[in-house]
Amino acid sequence: RAEAKSAQSKKPTAKRYAKGAQHIFDEVRMKHFGEMKSRVVRILGGRTSYYRCIRGEKLITEEQQAKIANLFKSYGYDTGNLYDEYIESL
């Protein structure tokens, strides 16, 4: 019974997905662009998935957002405006 009560008391938490990233590389210097883009492509699961995410056809998960933010921080870039919009979902 304790297990059932515990499961009932846990409320599902909303996840915050990013949608679109048309301007993600606007502030990136050319000397960093190639390496950063290839790493973002890997984070997002390949070229097709990357382009779908950039255009907003596929959502970017919180985990992927964190990895991309860490990448940008490691190169010294601001991570405030990487995505076009955010969507909350359960």
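Below, each value reflects all heavy atoms present in this structure, side chains not excepted, and no hydrogens, waters or symmetry copies. Because the structure is predicted, anything quoted here is derived from the model rather than measured.
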Q.
Testing the basics here: between R29 and Y77, what is the closest heavy-atom pair and its distance to 0.1 Å?
A. N-OH, 2.9 Å
Q: Could you pull out the closest heavy-atom pair between A14 and E88, with the gap in Å?
A: CB-OE1, 3.7 Å
(Q) Do L71 and I60 land in one hydrophobic cluster if side-chain heavy atoms of ILVMFWY residues count as linked below 4.5 Å? (A) yes
Q: Report whether Y50 and Y75 are members of the same hydrophobic cluster (ILVMFWY, side-chain heavy atoms less than 4.5 Å apart, transitive linking).
A: yes
Q) Nearest heavy-atom pair of K58 and L44: which atoms, and what distance? A) NZ-O, 4.3 Å
Q. Is any side-chain heavy atom of V40 less than 4.5 Å from a side-chain heavy atom of I54?
A. no
Q) If you look at every heavy atom in C53 and L59, which pair is closest and at what distance? A) SG-O, 4.3 Å
Q. So if you build clusters from Ile, Leu, Val, Met, Phe, Trp, Tyr with side-chain heavy-atom gaps below 4.5 Å, do Y51 and L82 land together?
A. yes
Q | Greater than 12 external heavy atoms within 6.0 Å of E27's CD | A | no
Q: Answer yes or no: is there a donor N or O on one side and an acceptor on the other, between the side chain of Q64 and the main chain of T61, under 3.5 Å?
A: yes
Q: Quick one: pull up NZ in K73 and CG in D78 and give me the separation to the nearest 0.5 Å.
A: 9.5 Å
Q: Assess whether atom CD of E63 is packed by more than 12 heavy atoms of other residues, nucleotides or ligands within 6.0 Å.
A: no
Q: Would you indicate whether N81, at its atom CG, is surrounded by more than 12 heavy atoms from other residues, nucleotides or ligands within a distance under 6.0 Å?
A: no
Q) Are F72 and Y86 joined in one hydrophobic group, where the rule is that I, L, V, M, F, W and Y side chains link up if heavy atoms are under 4.5 Å apart? A) yes
Q) Measuring from S74:OG to M36:CE, what's the distance to the nearest 0.5 Å? A) 6.5 Å
Q.
For a quick test of reading the model, state the closest non-hydrogen atom pair linking Q65 to A18 and the distance between them.
A. NE2-N, 3.2 Å
Q: Take atom CZ of R55 as the centre, draw a 6.0 Å sphere, and report whether it contains more than 12 heavy atoms from other residues, nucleotides or ligands.
A: yes
**Q.** Interatomic distance, E62 atom CD to R16 atom CZ [nearest 0.5 angstrom]
**A.** 8.5 Å
Q: For the pair S49 (side chain) and G46 (backbone), establish whether a donor and an acceptor sit closer than 3.5 Å, ignoring hydrogens and angles.
A: no
Q) In terms of hydrophobic clusters joined by side-chain contacts under 4.5 Å, are Y83 and F25 together? A) yes
(Q) So, taking the atom named CD in Q22 and the one named CG in D84, what distance separates them when rounded to the nearest 0.5 Å? (A) 5.5 Å
